[in-house]
Structures are given as C-alpha cells and as structure tokens.
Number of protein chains: 2
Amino acid sequence: MMLQEQRHKMIESFLKHQKAVKASELAVLLDVSIDTVRRDLEILEKKGLVKKVHGGAVLIQNTDNVLNKLFSEREVKNIEKKQEVASLAIELIEEGQAIALNGGTTTIEIAKAIVDKFKRLTVITNDLRILSILGANKHFNVILTGGFFNPEEYTLYGKQCEEILSNFNIDIAFITVNAISLEHGLTDFRINEVGVIQSMLSRSKYKIVAADSSKFETSAFINICPLKEIDLIVTDHSLPSDVLEEYSNQNIRILSPH
Amino acid sequence: MMLQEQRHKMIESFLKHQKAVKASELAVLLDVSIDTVRRDLEILEKKGLVKKVHGGAVLIQNTDNVLNKLFSEREVKNIEKKQEVASLAIELIEEGQAIALNGGTTTIEIAKAIVDKFKRLTVITNDLRILSILGANKHFNVILTGGFFNPEEYTLYGKQCEEILSNFNIDIAFITVNAISLEHGLTDFRINEVGVIQSMLSRSKYKIVAADSSKFETSAFINICPLKEIDLIVTDHSLPSDVLEEYSNQNIRILSPH
DNA sequence: CATCCTTTTGCAATATTTTGCTTTTTTTCA
DNA sequence: TGAAAAAAAGCAAAATATTGCAAAAGGATG
C-alpha cells in the first residue's frame with residue numbers, strides 16, 4: 001500500500017495531463033477503494049488543487065485567462081535570448097543605484113546577472129523569485145512591495161503594492177511585458193501586473209523595457225502605456241533591422257548587441 | 001547492528017531516490033524495529049530533511065517552492081511546545097476570518113497547523129516562511145506586508161510594511177515575541193520586528209500572544225506594549241501554576257491545555 | 001575489567017488514524 | 001418519474017502512532 005501523500009501526488013500529476021479523472025479510474029490505478037479516493041479528492045479540494053465533480057474530479061485551472069497561460073509557456077523557450085537581454089541591460093546600472101524589477105522571466109535573468117556583477121544595490125521588486133535570487137546576498141538591499149500573493153506567478157499585486165512604491169525614488173526601472181508594438185505601446189495579459197508596472201514606471205527616473213526580440217510588434221489585451229513614455233528598450237541581437245529602423249524613425253530608442 | 005548515523009544516511013539516500021518511504025519498509029531494510037525507524041525519522045524531521053507523514057516519511061524538496069531555496073534550516077528550540085501552542089491557538093480561528101501572523105517560529109507552527117485545518121482564510125504576514133507554507137493552499141488569500149527584506153530572519157520590516165497594514169481590518173492577530181513579563185509587558189530583541197507587531201496589534205479586533213512557557217517572566221531590550229493591551233495569551237501545558245495564578249490575579253487571561 | 005551511568009533499542013499497552021464496507025441519501029439521465 | 005450510479009454518513013476492522021518501561025548496548029572511570 002502506498003502513502004497518502006504519494007497518492008495525492010499521483011492524482012495531481014494525473015490531472016495535470018488529463019484535466020479530468022473518474023474516481024473509479026483512480027481507485028483502480030491507485031489500488032485503493034473508491035471511498036479512499038473520494039477522501040483524497042476531498043483533501044486536494046480543500047487545498048484548492050482540484051475540484052470535485054459528480055463522478056470524479058477536475059483540475060482547477062488558472063483563474064487567469066488562457067492566453068496568459070499560452071504566453072507563459074512560450075516564455076521559457078527564449079531563455080538564451082533573455083540572458084542576452086539581461087547581460088546588456090545590466091551594463092546600464094551603476095554600483096549603489098536603486099533599481100526596480102517587476103515580475104517576469106526576463107527580470108529574473110537580470111536579477112541573476114546583477115547578483116554576480118554588483119556589490120551593493122538597492123532593488124525593489126514584486127517578484128518573489130527575484131527576492132530568492134537576490135536575498136542570499138547580504139549586501140543587497142532588497143525591498144519587496146507588499147500586496148496580494150499570486151501563487152501562480154510568485155508575484156505580489158494590488159493597490160497596497162502600488163502605494164508602497166510611492167515611497168521610493170528609483171534610479172532605473174527594468175520592466176518586462178508580454179508585448180510591444182508601435183501601435184499599442186506596451187501591453188500585457190497579466191491583469192494584476194499592469195498596475196505594478198505603471199507604478200514602477202512613474203517612480204523611476206530612467207524607464208527601461210527589457211524584452212527579447214520575439215515580443216516586438218505583438219500585442220496583448222491590456223494597455224500599459226505608449227512607447228514614447230519609455231526611455232529605452234533593451235533587446236537581443238535577432239531583432240530584424242527593419243523593425244529597428246522603424247522604431248528609430250518614430251524616435252523610440254532601442255539598444256541591442258551589435 | 002548499524003550505527004544510528006549510518007541508518008540516517010541510508011534513509012536520506014533512499015529518500016533521495018524514492019521521494020517517499022514507508023516506515024515498515026525501512027524497518028525491514030535497516031533491520032531494526034519500526035519504533036527505531038520512527039525515532040530516526042523524528043530526528044531527521046527536526047533537522048528539516050524529511051517530513052513525517054502517517055505511515056512513513058517524504059523527502060523535503062526545496063524545488064517544490066522557489067522560496068525554500070532561500071531558507072537555511074536552523075534548529076528550533078522548544079518546537080514541541082510551540083506546536084502545542086499552535087494547535088491550541090488555531091482553535092480560536094473560524095473559517096473565513098482574516099488573521100495576522102508576525103515573524104517568528106511559533107507563528108510558523110501556527111501557519112503549518114492552519115494550512116491543514118482550514119479551507120479558506122485571509123492571512124497577512126511579514127514572514128516569507130509563513131507565505132511559503134500557506135502558499136500551498138490555493139484557497140488562502142495571503143497578503144504580504146512589503147518592506148525591507150531581513151535576510152537573517154526572512155521577514156520584512158520598515159515604515160512601508162507598517163503602513164500597508166492600515167489598509168486591513170484583521171479579526172485576530174497572533175503575535176509571537178521574545179519575552180513576556182508582568183513588569184515589562186511584551187518585549188523583544190528584534191528591533192525591526194517591534195514596529196510590525198505594534199501595527200498588527202493596532203489593526204486587530206482580537207489580540208492574541210502565542211508564546212511557549214519558556215517566554216514567561218523574562219524580558220528583552222525593546223518594549224512593545226503592556227500586557228493589559230492583549231486579549232489573551234496562549235501557551236503550553238508546562239507553565240507553572242503559580243505564574244498562571246499571578247497573571248490571573250492581574251487580570252491577564254491565559255489559555256493553556258489543561 | 002568491573003562498575004556505574006547514559007543512551008539506545010524493542011516491547012507491550014493504549015490511543016489515533018486510515019481504510020473499506022454497509023446503509024442511506026443524492027444526483028444523473030433516460 | 002424512476003432506475004442506475006455516485007456520494008455521504010456511520011461504523012468496525014486494520015494499520016499506524018504514542019507512551020512508558022525494562023533490557024541491552026555502549027562509554028567512561030577508577
């Protein structure tokens with residue numbers, strides 16, 4: 001017989017692949033009675049991982065929309081490009097400055113890069129993954145915006161989160177967004193992240209967007225701000241030269257590795 | 001017969017491959033009684049390497065949770081007493097309430113206890129270890145006070161941290177402090193934590209101090225507040241009856257397991 | 001090496017938790 | 001509406017935990 005904990009893990013991973021499962025199937029699979037399966041599902045439901053339905057259970061989907069999910073799957077793929085962006089971006093930072101990093105995979109790469117390069121920095125972020133990278137370094141002054149915890153993204157959001165930012169004068173904000181276009185400016189699917197980004201931008205002297213080349217000339221659902229409010233976009237080497245030229249014509253500055 | 005140390009190593013390496021193991025399996029494998037296995041697992045649990053579950057134990061993996069990478073385990077003093085305090089304290093909570101937990105090992109035990117017992121709670125805290133425990137339950141509404149990150153305690157502090165609390169109306173605040181005495185009231189050594197505690201108390205309808213018996217009639221450097229501002233102190237069974245009586249004479253309510 | 005002391009171990013009695021079965025109630029769908 | 005399937009509730013048996021205790025093992029000391 002298996003441990004309860006193991007059964008729960010199996011049910012979870014089963015549901016991650018199948019979205020829905022019958023209680024009777026699980027009983028066979030786990031070699032326990034259907035009653036035990038029901039009790040297991042009850043516990044998982046209490047934790048908010050599954051939802052019990054007549055006949056079995058279904059996986060609890062992200063409350064965020066499906067587009068967001070599709071996007072975050074694409075995100076992980078461009079990791080080398082993001083590293084390229086990050087190493088270029090951190091060249092703009094000077095020792096001792098106060099910088100802001102919003103939630104996102106590109107800013108995570110920036111965090112990884114600065115932890116090696118700088119001795120002393122003040123960093124304000126709403127992303128707990130960034131905190132976990134920078135927090136180990138005792139010389140860094142890390143400030144976390146407070147607010148509501150988003151367990152999907154490991155970020156914080158909300159009015160309180162945005163208010164706290166108004167206490168600080170930030171030298172550089174490094175912002176990552178889902179999409180950039182000349183027509184719509186910065187846009188995003190993450191409904192809760194947008195407010196944080198806007199607050200960070202408004203509190204920063206120098207506003208930089210860090211975005212790999214795949215983000216250009218795409219757009220997402222929620223408007224953040226027009227591109228003219230941004231001081232600089234940092235990207236990777238594979239941005240087509242015609243895009244680069246067009247942005248340049250519109251007076252949007254782009255920094256990319258030559 | 002094998003040395004205790006060797007058994008522990010074997011259990012560890014076994015768990016590294018198998019993630020979970022039954023106590024009865026280990027008894028056969030190590031050729032000792034199941035009681036000895038349980039005692040071994042208890043020791044490994046205290047070291048933070050495994051988690052005991054009914055029937056055996058599971059490996060604690062910091063890959064489960066981004067934040068866990070940050071935390072280095074420290075030996076917790078009086079953990080059994082703190083668990084006793086925690087299980088008594090959570091009896092006072094009702095489903096759906098909003099509670100506050102400040103930073104400290106006793107509040108961590110409270111967090112572990114509530115995550116299993118309750119389905120839906122709103123919790124506000126300045127402790128990242130508490131966040132990482134409660135994050136396991138997707139139905140919990142977890143709010144993190146923002147502020148400066150303290151890498152020694154994994155907590156947040158500062159003016160901003162205290163201000164954010166003023167946005168919320170908390171049902172119950174569970175507070176842990178270094179020291180309690182009739183003469184000095186609540187006192188603490190953690191200079192940055194004091195402000196957070198005071199803010200939490202001022203925002204809460206019901207103010208509860210959770211403290212194991214070793215804290216009584218000791219005092220620390222920084223004053224927090226006199227005992228008369230506290231509604232209830234929850235403690236463990238080993239508080240001497242004369243202390244209990246004296247507090248009772250002074251109209252300080254104490255709850256302890258009978 | 002015998003003695004004392006501490007720690008560890010296994011055992012037995014007791015308590016707790018988990019499980020599967022039975023019965024009753026609810027839900028589904030024709 | 002009514003029959004079949006599923007879920008909930010209650011219960012007893014099995015598995016697991018806990019506690020206290022005595023025996024065994026191991027160490028230190030003279």
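Being a predicted model, the structure only gives us computed values, none of them experimental. Throughout, protein chains are lettered first and strands after them, A, B, ... in sequence-line order, and every chain is numbered starting at 1. Only heavy atoms go into these numbers, but all of them, side chains included; no hydrogens, no water, no symmetry mates.
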Would you mind telling me which of Lys47(B), Arg7(B), Lys9(B) makes a salt bridge (Lys or Arg N to Asp or Glu O under 4.0 Å) with Asp40(B)? Arg7(B)
Which whole-number value in Å describes the distance from Glu25(A) CD to dA5(D) C1'? 15 Å
Is Gln4(B) close enough to dT9(C) that one of its side-chain N or O atoms is under 4.0 Å from OP1 or OP2 there? yes
Whole-Å distance, Glu5(B) CD to dT9(C) P, equals 12 Å
Atom CG of Leu26(B) and atom P of dT16(D): how far apart are they, to the nearest Å? 13 Å
Would you say Lys52(B) has more than 12 foreign heavy atoms packed within less than 6.0 Å of its NZ? yes
Are any of the side-chain nitrogens in Lys46(B) or Glu80(B) under 4.0 Å away from the carboxylate oxygens of its partner? yes
Would Leu70(B) and Leu131(A) count as a side chain to side chain contact (heavy atoms under 4.5 Å, CB included) if you check the C-alpha gap in whole Å, the side-chain angles of each, and the deciding distance to 0.1 Å? CA-CA 9 Å; Leu70(B) 191 59; Leu131(A) 175 82; 4.3 Å; yes
Angle separating the five-pair end axes of the helix from dC1(C)-dG30(D) to dA30(C)-dT1(D), nearest 10°, is 40°
Residue-phosphate contact under 4.0 Å: Ser33(A) side-chain N/O, dT19(C) OP1/OP2: no
For a side chain to side chain donor-acceptor pair (under 3.5 Å) with Asp212(B), tell me which candidate from Lys81(B), Lys82(B), Lys77(B) qualifies. Lys82(B)
The criterion is salt bridge (charged side-chain N to carboxylate O under 4.0 Å, His left out); which residues satisfy it with Lys117(B), sequence neighbours excluded? Glu91(B)
Between CG of Leu41(B) and C1' of dT16(D) the distance, given in whole Å, is 13 Å
Between atom CE in Met2(A) and atom C1' in dA15(D), what is the gap in whole Å? 17 Å
Taken to the nearest whole Å, CZ/Arg7(B) to C1'/dT8(C) is 8 Å
Between the protein and nucleotides 7-11 of chain D, list the N/O to N/O atom pairs that are separated by less than 3.5 angstrom.
residue: dA7(D); atom: OP1; partner: Val53(A); partner atom: O; Å: 3.2
residue: dA7(D); atom: OP1; partner: Gly55(A); partner atom: N; Å: 2.3
residue: dA7(D); atom: OP1; partner: Gly56(A); partner atom: N; Å: 3.3
residue: dA7(D); atom: OP2; partner: Arg38(A); partner atom: NE; Å: 2.9
residue: dA7(D); atom: OP2; partner: Arg38(A); partner atom: NH2; Å: 2.9
residue: dA7(D); atom: O5'; partner: Arg38(A); partner atom: NE; Å: 3.4
residue: dA8(D); atom: OP2; partner: Lys52(A); partner atom: NZ; Å: 3.0

Can you tell whether the side chains of Glu162(A) and Lys159(A) come within less than 4.0 Å, N to carboxylate O? no
Between atom CD in Gln83(B) and atom C1' in dA17(D), what is the gap in whole Å? 15 Å
Under 4.0 Å from any atom of DNA chain D, heavy atoms only: list the residues of residues 111-120 of chain B that qualify, in numerical order. none
Checking side chain to side chain contact (heavy atoms under 4.5 Å, CB included) between Ile224(B) and each of Val194(B), Thr187(B), Val209(B), which is the one that passes? Val194(B)
Sorted by chain and number, sequence neighbours left out, side-chain contact (heavy atoms from CB on, under 4.5 Å) with Ala136(B) holds for none
Assess whether salt bridge (Lys or Arg N to Asp or Glu O under 4.0 Å) is satisfied between Lys207(B) and Asp231(B), documenting all intermediate values. CA-CA 5 Å; Lys207(B) 306 168 211 316; Asp231(B) 295 309; 5.3 Å; no
Please give, in whole Å, the distance from dT17(C) C1' to Asp40(A) CG? 14 Å
Going by salt bridge (charged side-chain N to carboxylate O under 4.0 Å, His left out), name the residues that satisfy it together with Lys19(B), two or more places apart in sequence or in a different chain. none
